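Have a look at the structure below before the remarks.
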Amino acid sequence: MPAIAQTAAQTTTQTTTQTTTQTTDPALGRRIFDAGVGRDGRQVIGRAAGGSLPMQGGAVACANCHGANGGGGGEGWIEAPDIRWFALSKPYGARRAGGDARPPYDRAGFARALRSGIAADGVALDPAMPRFDLAEDEIDALVAHLQSLSDAAAGGGERPLLVTLMPHSAPAAAERLLRGLQTCPTAGASARAVQTLPALRVIRYGAADDLDTRLTALAGSGSVAALFAPYLVGAEAAFAGNDAAHRLPVLLPMAMRDLGDDAQVLFALPGLGAQAQALLSAPERRGERLAIAIDPEIAGREALAQRLRTRAVRKGWEVEVRIGADAVSMSAGVDAILALTGPGEPVAPVSPRLRLWVPAAFVRPAALDAWRAAGARVRIALPYPPRVGGDPRWIPPADAWVAAGCELMARLPPLPQRPDAIDAWRREVAALAPLRLGDWIDLPADADADAAIRRVHLDDWPPDGR
Ligand code: HEC
């Protein structure tokens, strides 16, 4: 791009958009889309009818044919397809008679379709779709705009949605969890349940600040009924720190730690706080010393530490709270350690009286084995009973989560048709009877703190049969 044009483009960027760090100008993309007005106010030219008939400006605005939100337009004799980026960037079955399945568009394929009218499958687009004289930066701006229409559709479509959050580069275990929820067995469920299993809109997030942006957009859209079983392992602090997130109910989160005191969490397995309190319900030890070691990353750790300290002091412990990752290694001088942090290996042999208590999120078998070998007695807390019936094998968290998630989906009232009915729907969900999975998991919508503590399962380390 010539230097002068570049300077002009940058000036436009600075004066017309509030927040953008890229050189792509989303406002430019929106103007081309809505009004056919390109960079520096020029009228975009499009040639319809196979390239012969030039039209410009508003006459060739994408919105005219593809709809104001890009979701497609049905007027006229040929349908203009959905061109929101999520639609373009996924493969489609053959759209035209005789056509092949269409591969996904990328930026280059998109540019070719706009300039030369060749679709991603290599076939010429219908002449009703104009051929445009768009510059590189205008194409980039359009792509950015179509992406933002995708995000708006994900969060801001008219129909209320159940949204599942997943990390972009999710661990394989997380992908399996998601597949489990998307293919819930329906064999045992009633016919009604099968019909009404709601669709889950999956939204992927990258780093913590990306999760932040997405949560804010989702809460702002006003059409997210609830976050269903979001995968927040490792992202609890980012979630808890986002104010907008607290306006969205969270159903059955896959989180290893609590989501902060303000979150509206329904059907949650007992969190870190409940597990820690259950571990503290061991017999009274008047005058003995307890160290509570807390990972600095834990959301709401000050409040949690205060609650735990109060509870322990009431039971007669002398309590010391330590914040920091290596807090556990310093076992000298205490009788028990409640480890709300990954227990590093012990630094030296420990007193045989030492007790180490560890909630599920921090269970690292090798480290716990080392503590056992060094002489400590180790006890762990789990959010659900890890075995069922006479089977000695442990049930992994993913299986428990999918089982509860599928049961919950089958039980949810049908999603409302319009955003103004979301509040009533949420009240119905909060009033649902507890989820019962045989005599294995029993999960009320909103467990009070004491009930949550009672549902924690305590086990000695190593567990039997390991
Ligand atoms: C006059 C109506 C009209 C206007 C204006 C128009 N399009 Fe289209 N567009 C169509 C039609 C009709 C098709 C479908 C052609 C076909 O199926 O062969 C289409 C197809 C497309 C496709 C291919 C989609 C696919 O699934 O293969 C893309 C991409 C696209 N348009 C983008 C745009 C953009 C971006 C703009 C604005 C810059 C725009 N269109 C303006 C009518 C229009």
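Just so you know, ligand 1 is whichever comes first in the structure, and atom 1 is the first atom listed for that ligand. The structure presented is a predicted model; accordingly, all values stated were derived computationally and were not measured.
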Next on the checklist: Any heavy-atom pair between the side chains of R42 and V44 that's under 4.5 Å?
Outcome noted: yes
Next on the checklist: Could you tell me, atom by atom, which parts of ligand 1 come under 4.0 Å of a heavy atom of L125?
Outcome noted: 15 (C), 16 (C), 18 (O), 23 (C)
Item to check | Interfacing atoms of ligand 1 (cut-off 4.0 Å, heavy-atom, D126) | outcome: 15 (C), 16 (C), 18 (O)
Item to check | Per-residue contact class, L114 against ligand 1 - non-hydrogen pairs under 4.0 Å | outcome: side chain
Checklist entry - Hey, mind stepping through L272 and M256 against side chain to side chain contact (heavy atoms under 4.5 Å, CB included) and telling me if it holds? => result CA-CA 7 Å; L272 184 65; M256 291 297 178; over 6 Å; no
Item to check | Part of F132 within contact of ligand 1 (heavy atoms, under 4.0 Å) | outcome: side chain
Checklist entry - At a 4.0 Å threshold, what atoms of ligand 1 neighbour a non-hydrogen atom of A61? => result 5 (C)
Checklist entry - Does atom CD of E175 have more than 12 heavy-atom neighbours from other groups under 6.0 Å away? => result yes
Next on the checklist: According to side chain to side chain contact (heavy atoms under 4.5 Å, CB included), who are the partners of A35, at least two apart in sequence or on a separate chain?
Outcome noted: V37
Item to check | Under-4.0 Å heavy-atom contact with ligand 1, by part of I83 that carries it | outcome: side chain
Checklist entry - In terms of atom number and element, which parts of ligand 1 are under 4.0 angstrom from non-hydrogen atoms of P130? => result 3 (C), 4 (C), 5 (C), 6 (C), 7 (N), 43 (C)
Checklist entry - Quick one: side chain to side chain contact (heavy atoms under 4.5 Å, CB included) partners of R455, sequence neighbours excluded? => result P270, L443, P444, A447, A452
Item to check | Which of the ligand 1 atoms, numbered from 1, are nearer than 4.0 Å to a heavy atom of Y105 | outcome: 23 (C), 24 (C), 25 (C), 27 (O)
Checklist entry - Between W85 and Y105, is the ring centre distance below 6.0 Å? => result no
Checklist entry - How many angstroms lie between atom OG of S223 and atom CD1 of I422, to the nearest 0.5 angstrom? => result 6.0 Å
Checklist entry - Short list, please: which atoms of ligand 1 are under 4.0 Å from a heavy atom of V60? => result 5 (C)
Item to check | Winner among A120, C65, A63 once heavy atoms are compared against atom 42 (C) of ligand 1 | outcome: C65
Checklist entry - Which of the listed options, C62, G58, P104, holds the heavy atom that is closest to atom 38 (C) of ligand 1? => result C62
Checklist outcome for this item: Note: M409 and C184 closest approach over all heavy atoms is CE-SG, 3.8 Å
